[in-house]
> 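I am attaching a structure below and will ask some questions about it afterwards.
Values in this document were obtained by computation on a predicted structure and should not be read as measured data. As the structure lists them, so they are numbered: ligands from 1, and atoms in each ligand from 1. Atom set for the values below is all heavy atoms of this structure, side chains included, hydrogens, waters and symmetry mates excluded.
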Amino acid sequence: MTAATQFRTRISGTGSYLPEKVLSNTDLEKLVDTNHDWIVERTGIKNRHIAAPDQVTTDLALIASQRALEAANLKAEDLDCIIFCTVSPDRIMPSAACTLQTKLGARHIMAFDLSAACSGFVYGLTVADQFIRTGFYKHVLVIGAEILNRLVNYKDRETCILFGDAAGAAICSRAEAGQDSAILSATAGADGSLGELFVLPAGGSAMPFSKEVLDNDLQYVRMKGREIFKNAVRTMTSGCQSALEATGLTIDQVDWLIPHQANIRIMDAVASSFGIPVEKVVINVHETGNTSAATVPVAFDEAIRDGRIKRGQNVLLTAFGAGLTTGTVMLRY
Ligand code: UT7
């Protein structure tokens with residue numbers, strides 16, 4: 001969707017953080033019946049980062065947010081809103097956004113969590129863009145941060161090999177005169193009828209915690225990987241095509257594609273069916289694994305900091321996740 005608007009949204013700064021501890025495929029071989037070659041061939045993943053036992057999700061987010069503020073040359077007091085995209089908040093209540101507001105030393109601004117799993121950050125950018133376009137807010141902090149290792153069963157080889165912990169942040173600011181940056185289009189969607197493909201059974205009102213939950217490992221995620229794979233390729237490809245239609249850009253004018261980093265084969269399939277060369281796809285899944293809402297902002301930040309993404313370039317962000325959700329944003333950085 002594109003909208004006539006008074007103001008444009010500029011990404012004024014990004015930041016990211018990966019915890020120090022690295023869990024390799026060889027480490028996982030000691031926990032479950034798997035092997036390095038299978039994991040690399042089927043997923044592209046070699047390592048994932050794991051939060052220290054005393055770190056919570058907002059600790060990861062705090063570092064990413066401080067780096068984003070520094071890059072934007074802003075202070076926490078300048079923020080007007082915090083959108084915290086996560087499915088692994090410190091606690092269900094209070095929200096991670098409220099905890100982060102205090103840790104950051106931000107004013108008593110609007111702060112809320114957004115739950116769209118791996119599409120979270122792209123959903124968050126879409127929401128932030130509305131606040132900026134209307135003139136309601138000037139600086140919105142959007143974070144994707146997860147500690148998934150605490151939701152994963154290290155006895156289930158189909159899931160435990162995939163996930164890692166990370167945080168990425170971007171500050172959406174009102175573009176000033178002379179600044180060419182903008183969020184050019186955004187599409188987002190959900191198909192709840194496919195929700196059972198990727199679930200965290202316990203901890204909500206449907207299944208409060210109990211001894212039975214713990215006895216049956218229902219506090220951990222369950223996934224039907226193959227079905228999700230097909231849906232991911234289809235929805236991300238169609239999101240990218242819709243972005244071209246909405247903006248009038250040609251595929252050659254897309255400088256970078258940043259897909260959700262779930263599996264190298266999913267990214268290759270999206271690049272191929274969308275028709276973009278793989279050299280234009282930002283990929284870091286081999287070192288991070290799938291960090292849900294954090295994958296897109298972490299890859300975005302890394303590519304900005306190492307000089308691949310430059311001001312004025314067109315960047316396409318696309319994601320899919322539990323829900324099932326999907327979202328795509330085209331922006332001029
Ligand atoms: O952010 C959204 C989160 N979810 C996803 O992104 C998941 C998307 N899906 C995927 O990434 C892939 O479907 C997986 C990586 C999860 C699985 O890859 P696959 O190529 O779809 O494998 P498969 O499920 O078809 O399994 C193939 C074989 C099976 O053995 P049999 O039945 O052929 O004998 C599995 O039991 O591989 C076996 N297998 C493993 N072998 C070694 C499954 N997991 C493993 C493992 N190590 N970790």
> Under a 4.0 Å threshold between the charged nitrogen and the carboxylate oxygen, would K155 count as salt-bridged to D217?
yes
> Do the ring planes of F136 and F131 sit parallel (below 30°), tilted (30 to 60°) or perpendicular (above 60°)?
parallel
> Within ligand 1, which atoms have a heavy atom of R42 less than 4.0 Å away?
20 (O)
> Provide, to 0.1 Å, the distance between atom 47 (N) of ligand 1 and the closest protein heavy atom, together with that atom's residue and name.
T34 OG1, 2.7 Å
> Return a yes/no value: protein heavy atom under 4.0 Å from atom 29 (C) of ligand 1?
no
> Closest non-hydrogen protein atom to atom 15 (C) of ligand 1, residue and atom name please, with distance?
T43 CG2, 3.6 Å
> Looking at T291, T57, N149, which one forms a side-chain hydrogen bond (donor to acceptor under 3.5 Å, both in side chains) with D165?
N149
> Where is the nearest protein heavy atom to atom 14 (C) of ligand 1: which residue, which atom, and how far?
N263 ND2, 4.5 Å
> Which of the atoms in ligand 1, numbered in the order shown and given with their element, are less than 4.0 Å from a heavy-atom of H260?
1 (O)
> With a cut-off of 4.0 Å, which atoms of ligand 1 are near a heavy atom of A262?
6 (O)
> Can you list the atoms of ligand 1 that are under 4.0 Å from a heavy atom of N290?
1 (O), 2 (C), 3 (C)
> What is the closest protein heavy atom to atom 16 (C) of ligand 1, and at what distance does it sit?
M223 CE, 3.8 Å
> Can you report which non-hydrogen protein atom sits closest to atom 9 (N) of ligand 1, along with the distance?
G225 O, 3.0 Å
> Identify the protein heavy atom lying closest to atom 45 (C) of ligand 1, giving its residue, its atom name and the separation to 0.1 Å.
W38 CH2, 3.4 Å
> Numbering the atoms of ligand 1 from 1, which are under 4.0 Å from a heavy atom of I161?
48 (N)
> Please determine whether a side-chain nitrogen of the Lys or Arg among R8 and D180 lies less than 4.0 Å from a carboxylate oxygen of the Asp or Glu.
no
> Which heavy atom in I147 sits nearest to a heavy atom in A51, and how many Å separate them?
CD1-CB, 3.6 Å
> Taking atom CD of E196 as the centre, does the number of heavy atoms from other residues, nucleotides or ligands within less than 6.0 Å exceed 12?
no
> Measuring from L28:CG to R157:CZ, what's the distance to the nearest 0.5 Å?
12.5 Å
> If you apply the rule side-chain hydrogen bond (donor to acceptor under 3.5 Å, both in side chains), what do you find for D129 with T9, and how did you get there?
CA-CA 6 Å; D129 186 37; T9 303; 2.5 Å; yes
> Does some non-hydrogen atom of the protein lie less than 4.0 angstrom from atom 18 (O) of ligand 1?
yes
> Pull out every atom of ligand 1 sitting under 4.0 Å from any heavy atom of E158, numbered as shown with elements.
43 (C), 44 (N)
> Check this for me, if you would: do D80 and R107 make a salt bridge, where the nitrogen-to-carboxylate-oxygen distance has to be below 4.0 angstrom?
yes
> Return the closest protein heavy atom for atom 21 (O) of ligand 1 as residue, atom name and distance.
R226 CG, 3.7 Å
> Which heavy atom of the protein is the closest neighbour of atom 36 (O) of ligand 1, given with residue, atom name and distance?
R157 NH2, 2.9 Å
> Show the atoms of ligand 1 that are less than 4.0 angstrom away from any heavy atom in R265.
18 (O), 19 (P), 20 (O)
> Could you tell me, atom by atom, which parts of ligand 1 come under 4.0 Å of a heavy atom of F320?
2 (C), 6 (O)
> Quick one: pull up CG in L125 and CD1 in I132 and give me the separation to the nearest 0.5 Å.
10.5 Å
> Is the ring pair F163/F198 parallel, tilted or perpendicular, if the boundaries are 30 and 60 degrees?
parallel
> Please indicate, with yes or no, if any protein heavy atom is found under 4.0 Å from atom 33 (O) of ligand 1?
no
> Which residue, T99, T86, D90, forms the side-chain hydrogen bond (donor to acceptor under 3.5 Å, both in side chains) with T58?
D90
